[in-house]
Amino acid sequence: MSTFLYRLGRFSYRRKWTVIIGWLMVLCALGGAALTLMKPFVAGTSIPGTEAQRALDVLGKEFPSGGDRVTGKIVFQTAQGKKVTAGEEGEAVRAATDRVAKTAGVDAVTTPSVAAGNVSADGRTGIGQITFAEEKADEISATTLREVEEAAQQARSAGMTVALGGGAFDPVETAVGGIGEAVGVLITLIVLIFVFRSLRAAIIPLATALVGVALGVLSLLALTHVVEMDSTALILALMLGLAVGVDYALFIVSRHQTQVRDGMAPEESTAVAVGTAGSAVVFAGATVVIALAALTVVRIPFLGIMGLGAALTVVIAVLLAITLLPAVLGLLGSRIAFSEIPVLRRSAQRAVNRQRAGAVTAGVRWARLMARRRRAVLLLGVVGLGALAVPAADLRLGLTLPSANKEAVRAQEMIDEAFGPGYSGTLVILVEGDSAKATESTAKQVGRRLAGLKDIASVAPPLLSQAGNAAMVSVVPASGPDSERTAKLLTDIRADRDGIERSTGTDINVTGTTAVNLDVAAKLTGALPVYCLLVMGLAVLLLTVVFRSLAVPLKAALGFLLSLGGSLGVLVAVLQWGWFSSVLGTQASPTVISFLPILLVGILFGLAMDYEVFLVSRMREEYTRDKSPVRAMVDGFGHGSKVVTAAAVIMVSVFGSFVFSDMQVTKGMGLALAVGVLLDAFVVRMALVPAAMAVLRHTAWWLPGFLQRTLPHIDVEGEKLTRGQAPQTHFRPSEDLITTRQQ
C-alpha cells in the first residue's frame, strides 16, 4: 500500500497540472449534472414494512383526502366566559376563515364548530384547518401567507388570541452556510496557521477540503434524480466532508513540511508523505466509510441514504488527499517549508531550532506523564466518562422536533391546553374486511373496546370507505405524541386486537403520524445494538490487519464505547433536560430525534478510529525500529500528538459551528459530534491510549502465530519507505532558505 501511494504521490507531484485540470473537469461535470438532474429533497422518515406505514399507505388509497397538500392551523381563543362559535367572537371567527378561504393559494379551510369536533369542551378555543394548494411549505407564496396573517390579525382586533401553526407556518429549515459555519471555517484556518506557521501551507488543507465538499454536494444533488433524499443527508455530507477533508490533508502536509524543513527534496518528500501519512489516511477513511456504509444493513432507507451520502464525501476526501493534494504541493515546491510573513517565519525557525537541539516537546512530556501515572489516568478517565454517561440512561427516541417558531409553539400550547396533549397525536385504527357489513360491525366493536382502555381521551365514530372494505376509527390519547404513556397505549391496542381479528376475520392495524413515529423509533432502537456490533466487528478486524495486534483494536473499541456513553449523556442533558439551552439556542424536548444516536455511533466510531490510526501508527513505526514499547509509545506520541490535537480542534470547531444553525436536527448532530470528538480525542486518545499502551507494553503488539501467518502484511506505517529510501537533498537546508529570503 505505502509503495503504491508513494508512486501515486510522485506522479501527482510531477504531473501536477494534469491532475489539477482533471479534478477541475470532474467538478465542472458534476456541476452540470447537478443543475440538470437535481430534484427537490423529500421530507420523511418512514420505514417501509412497518405496520403503521403499511396501514398508512392503505389509508391513503381508501380515504383519499388531498393528504399530499401542506396544511396549517389557525387557532382562536376567546376570553373567559365567551365562545368562539357565538356572539361577536363567533362572527369574527367566521369572517376570518371566510377571508382565508377566498385567499389565492388556499384550497380549503374548516370553520370551528362543535359538530366538526374542532371546538374545545369549554367552547373558548377553536381550530381552523387550512389546506393549501402547494405540496411543500416553501412553495407557498409570501402573498398567500401574508393574507392569512392579515385574516388572523382581523380576528385579534375583536379581542381574541389567535396563533398560526402547523407545517405551513413552521416549515423545516434546510438552509446551511450561516455565520456559525463561517466561524467554524475561520477557527479551522487559525488552527492550521498555528500548526504550520505558514499562511499558504494553512490554506492548502482548507482549500482541498472545500473542493471535496463541493464535489460531494454536487454528486448528491445529481443523485436526487434517481434517489429520494432528505435534506439532512446533504447537511451531514457537508459537515463530515469539511471536517475529514481538512484533517486528512493536515496529516499529509504536516509530514511533508517537516521533511522539507529537514532537507528532503520536495518531490521526494511529497511521495514519502503520501506513502506514509497517506497510508494512514486511506485506512482511517476506510473505517469511516465502513461505519457509514453499514447503515444500509439496518434496512432503514432514509438512514441508509444518509450514510451512503456521507460515505461518498469521505471517499472523495481520501482521493483528493492522495492525488490533488500532492499536485498542489508541487506548485509550492520548497516554499512549503517556511512562510513569507516574518513573524510566522521566525516562529517556524525557532521551532526547528528547538527540535534540532533535542528539546523535549510538550507531546513527549505529556506521554511520559501518562506513562508514569498510567493506572491513575485509566481509573480517572473511566470514572469521569462513566459519570458523563449517567444521563444516557434516560435517553428516549422520537421524531418530534421542538419548533423554533414562537407563534407555532404558542398555537400548539393553546391546542394542548384546550383539547389535551393527545389531540395532535391521534392514532388511527384501520379495519379491513371482506364486506362492508363485516367491516363496519368490527369497527364499531373496536371503538367500544377502545373506549374502555386507559389513557384514551376520546374515540370517534367509525368512518367507512367508499368501497366499504375499510373503516377507520380515530383515537385521541390522553397523553402527548412523545409520551411513554402513548407508546404503551399503542402497544396495548395492538395486543388487544388479536381476539377481534380471529373472531371477525378482519385485519386491524394501527397507524397515523404518531404510530409511524413510534414504529420508526422502535425500529431504530432495536437496530442500534446490531449496528454497533457489526461496525465494531468490521473495524476491529481492519485494525487488526493494519496494526497486526489484538490488544490495540480491542482497546480502541473499548475507548470508543466510553466516549460514546459520555457524548450520549451530554446529548440527553442538553436536548432532553434543557441544560445550557439559553447558551446553545436549543430547546428541551421529551425525546431525542430517533436517528441521531445511530448516526452518532457510525460517524463517531469512524472518526475515533481515525485518531487511533494516526496516533498509534506512529507508535508502531517507532516500535518497528526496535525501540522498547514505552519508548516507542512516547516517541510516537510526540510525533503525532500535535497534529492529532490540531485535527481534533478542527473537528470540534467544524461540528460545533453547526450547533448555532437554525435547524434543530442540525443543532443536535453538531452538538453530538462535537462533544463526541472532544471526549474521544482529548480524553480517550490523548490520555487513556498512552496510559493503556504503557500498561500493556509488548502485549500491545502481540498477535497469535496463526494470525501472523494468515493476515496479509500491509505496510501502513511506510516502513519500507523510511528504511529503504534515503532522503534526497537537492536544495539548501532550512537555515540557508531563510537567509536567502531575508537577503
Measure across [X] and [Y] and return the closest heavy-atom pair with its distance rounded to 0.1 Å.
X	Y	result
Ala692	Lys555	CB-CD, 3.5 Å
Phe658	Leu238	CZ-CD2, 3.6 Å
Gly275	Leu5	CA-CB, 3.9 Å
Thr270	Pro326	CG2-CB, 3.4 Å
Ser567	Leu679	N-CD1, 3.7 Å
Leu615	Arg685	CD2-O, 3.3 Å

Value rounded to 0.5 Å, distance of [atom1] in [X] from [atom2] in [Y]:
X	Y	atom1	atom2	result
Leu242	Ser657	CG	OG	8.0 Å
Met651	Phe655	CE	CZ	5.0 Å
Ser12	Ile322	OG	CD1	8.0 Å
Thr296	Leu303	OG1	CG	9.5 Å
Leu250	Ile204	CG	CD1	12.0 Å
Arg15	Ile21	CZ	CD1	13.0 Å

Original post:
What do the steps show when you test Asp247 against Tyr611 for side-chain contact (heavy atoms from CB on, under 4.5 Å), and what is the final call?
Top reply: CA-CA 10 Å; Asp247 275 11; Tyr611 296 130; 3.3 Å; yes
Without swapping roles, check the side chain of [X] against the backbone of [Y] for a donor-acceptor pair under 3.5 Å.
X	Y	answer
Arg261	Ala337	yes
Arg548	Gln708	yes
Ser254	Phe251	no
Arg335	Leu332	yes
Glu612	Pro553	no
Gln259	Met264	no
Tyr531	Ala291	yes
Thr224	Lys39	yes

So, do [X] and [Y] sit near enough that their side-chain heavy atoms are less than 4.5 Å apart?
X	Y	answer
Leu215	Val26	yes
Met669	Leu596	yes
Glu622	Arg631	no
Phe682	Thr645	yes
Leu35	Leu218	no
Phe614	Tyr248	yes
Met536	Leu561	yes
Leu564	Leu600	yes

**OP:** Start with the C-alpha distance between Leu688 and Leu562, add both sets of side-chain angles, then the distance that settles side-chain contact (heavy atoms from CB on, under 4.5 Å), and finish with yes or no.
**Re:** CA-CA 10 Å; Leu688 299 186; Leu562 289 172; 4.0 Å; yes
**OP:** Report the C-alpha distance between Ser219 and Leu30 in whole Å, list the side-chain angles of each, state the deciding distance to 0.1 Å, and finish with yes or no for side-chain contact (heavy atoms from CB on, under 4.5 Å).
**Re:** CA-CA 6 Å; Ser219 299; Leu30 286 174; 3.4 Å; yes
Original post:
What orientation do Phe605 and Phe560 show, parallel under 30°, tilted 30 to 60°, or perpendicular over 60°?
Top reply: perpendicular
**OP:** Just jot down the ring pair (Phe, Tyr, Trp, His ring centres under 6.0 Å) partners of Trp701, sequence neighbours excluded, or say none.
**Re:** Tyr623
Subject >> Qualifying residue, where the test is side chain to side chain contact (heavy atoms under 4.5 Å, CB included) with Val649 and the options are Val191, Val644, Thr188 >> reply: Val191
**OP:** May I ask you to say whether Arg200 pairs ionically with Glu340, meaning some side-chain N is under 4.0 Å from a carboxylate O?
**Re:** yes
Subject >> Side-chain donor-acceptor contact under 3.5 Å, Tyr13 with Glu268 >> reply: no
Original post:
Does a donor on one side chain and an acceptor on the other come within less than 3.5 Å for Trp702 and Ser549?
Top reply: no
**OP:** Answer yes or no on whether Arg197 is positioned over the face of Phe194, meaning its NZ or CZ is under 6.0 Å from the six-membered ring centre and within 45° of the axis.
**Re:** yes
Original post:
Should Leu550 and Leu703 be marked as a side-chain contact (heavy atoms from CB on, under 4.5 Å) after you check the CA-CA gap, both sets of side-chain angles, and the distance that decides it?
Top reply: CA-CA 6 Å; Leu550 288 180; Leu703 190 69; 4.0 Å; yes
